[in-house]
Number of protein chains: 2
Amino acid sequence: MPEPKYWHLRTVLVRTIDAEFSTGQILPNERELAARFGVARATLRQALDQLELEGRLVRRRGIGTLIAAPRVGVPVNGREEGWPGSGRSQAWRIVDCVTAPATAQLARVLGVAEGEAVHTVRRLRLVQGIAMATESLHVPAAALPHVAGFAAESDRARGVLRQIERLGIDGESRSVELGVAEAEQAALLERPPGTPVLVVTTQYAAAGKLAAVAVSTYRADTCKLTFGEAGLVEVTPVQAGSPVRSAS
Amino acid sequence: MPEPKYWHLRTVLVRTIDAEFSTGQILPNERELAARFGVARATLRQALDQLELEGRLVRRRGIGTLIAAPRVGVPVNGREEGWPGSGRSQAWRIVDCVTAPATAQLARVLGVAEGEAVHTVRRLRLVQGIAMATESLHVPAAALPHVAGFAAESDRARGVLRQIERLGIDGESRSVELGVAEAEQAALLERPPGTPVLVVTTQYAAAGKLAAVAVSTYRADTCKLTFGEAGLVEVTPVQAGSPVRSAS
DNA sequence: AAGTGGTCTAGACCACTCA
DNA sequence: GAGTGGTCTAGACCACTTA
């Protein structure tokens, strides 16, 4: 079997979907689809798994399998888009703020000593009212002397976000990789554990030194991260396959 | 069952791996692991699937399941790193160069008329001798008048890459999303079809106008894309989970 | 209560690698 | 040929949604 059944099935489904279905429509249920294609339900599900990973389908328990909307372009441009106080109501919701000694791992990432106090602000990024990303912003407590004055957690969170702006952040570098949402992130994103996410790690520098680190997890099913000069032209999604040679 | 078995299994395996195994070591085979944990092999495999998606494991048919090396940081900084001729031997290998009328989709992305001739150069990005990414660079033929003179495909490819530099690219914007490798990409990356990839779409602008578009697919299992000021500090991987509260 | 997707099982066979 | 992961099956039960 040079080509697995589930992969062939996926190809057939892609064609069917593109030709006969549109966003929001419901596919026939899995048992029927499996019967129609003459495969076991597990095999059909393997094909649907692929399509879901690609963001073409959404499956809802108790409802059915629907055609997904195109992915939302989410700007990841640093201070302008992602930063807290800077101007207009950015769609961030503060979840948490804890101050705790750095774990070994966190200490290494932040470049501080293990056990040193670190503020961690957790936020949720909402795009059209729905949670698209979580973020944990870590900054050494020593760098923000005025935060200690706030008693309430929400005040402390806002304090951290406000004061970090006055640090004079003058550089940032990012990395993006694939991950899966663990329990906490999954809950915040209202998704089951194991949901694939794009993990964005941002290092913020002030005066040539690492000043803060943010780890964000974006829903990989619905997000397309956008960087750079704020959309030169509308970014239209492109097939992963070679767009010129229409082989197969 | 509030927590699926496979998810719990994954957690247990993560702990075991971190504690008792190191990069390159081979796990016991699936049948034995399944028996040891008292689950069906399919359930165990579901847990391993997660770990593979996270880049913690690599499975090789006929060999076994091994602990993966940490992901490689791959700079995606545009002209400096990714661009062709610019100086030292960049680890790119030219695969292909075709000139063909733009499909409807490609035309839309490039902002040209459907059917207009477009050069497409396909390249392979090698990191430590292994294929990490494929790239298709699309540029309207009208913009590169001198390319027509080259007869051999490899000359045309080099011609496109060289002449595009003289266009005076002065801006780029990118997007990153999750995808799966179709047959062609999969073959180039020496991976099975369906392999998860990070799809990077780059728009190059010259004189305020869109001049070229590149679509790259990076192996999601082994790549961590890095952006920005070329590594302020070594980027150490961070768990997707909340790094401060060590709940569970 | 009926219908959906999500999980889990036990077993079979295949494709690949290596001694 | 023995051992590994990859695919596929048929069936069961669960969790969730809607009516």
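Only a predicted model underlies this, so the values are computations on that prediction, with no experimental measurement involved.
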For [X] and [N], give me the distance from atom [atom1] to atom [atom2], rounded to whole Å.
X      : N       : atom1 : atom2 : answer
L33(B) : dG5(D)  : CG    : C1'   : 12 Å
I26(A) : dG3(C)  : CD1   : P     : 15 Å
L9(B)  : dG6(C)  : CG    : C1'   : 17 Å
E52(B) : dG5(D)  : CD    : P     : 11 Å
I63(B) : dA15(C) : CD1   : P     : 18 Å
R61(B) : dC16(C) : CZ    : P     : 6 Å
R10(B) : dT7(C)  : CZ    : C1'   : 17 Å
E3(A)  : dC8(D)  : CD    : P     : 10 Å

For [N], does OP1 or OP2 lie under 4.0 Å from any side-chain N or O of [X]?
X      : N      : answer
Y6(A)  : dC8(D) : no
N29(B) : dG3(D) : no
R45(A) : dG6(C) : yes

Do the non-hydrogen side-chain atoms of V118(A) and L110(A) ever get within less than 4.5 Å of each other?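 Yes, at least one pair of side-chain atoms sits under 4.5 Å.
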Main chain of E153(A), side chain of R158(A): is a donor-acceptor contact present, judged purely on distance under 3.5 Å?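 Not a single qualifying donor-acceptor pair exists.
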Any donor and acceptor pair, going by atom type alone, linking the side chain of R108(B) with main-chain N or O of T103(B) inside 3.5 Å?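 No, because the side chain of R108(B) does not come within donor-acceptor range (under 3.5 Å) of the backbone of T103(B).
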Distances for protein N/O vs nucleotides 9-11 of chain D N/O pairs under 3.5 angstrom?
unit_1 : atom_1 : unit_2 : atom_2 : d
dT9(D) : OP1    : K5(A)  : NZ     : 2.9
dT9(D) : OP2    : A40(A) : N      : 2.8
dT9(D) : OP2    : T43(A) : OG1    : 2.4

Who passes salt bridge (Lys or Arg N to Asp or Glu O under 4.0 Å) against R156(A), sequence neighbours left out?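 R156(A): no salt bridge (Lys or Arg N to Asp or Glu O under 4.0 Å) contacts found.
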Using a strict 4.0 Å threshold on nitrogen-to-oxygen distance, state whether R56(B) and E52(B) make a salt bridge.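 E52(B) and R56(B): not salt-bridged.
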Just do the side chain to side chain donor-acceptor pair (under 3.5 Å) check on S136(A) and T120(A) with the steps written out, would you? CA-CA 6 Å; S136(A) 291; T120(A) 298; over 6 Å; no
Which part of the nucleic acid does R31(B) contact within heavy-atom distance under 4.0 Å: base, sugar-phosphate only, or nothing?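 Base: the residue R31(B), judged by heavy atoms under 4.0 Å, touches a nucleobase.
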Tell me which of R59(A) and G62(A) sits closer to the 5' end of DNA chain C, going by the nucleotide each one is nearest to.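 Here G62(A) is the residue nearer the 5' end.
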Out of dC8(C), dT4(D), dG5(C), which has the shortest distance to the side chain of E30(A)?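 Nearest nucleotide to the side chain: dG5(C).
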Shortest non-hydrogen contact between E182(A) and W7(B), atoms and distance: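 Smallest heavy-atom distance, with atoms named: CA-CZ2, 4.0 Å.
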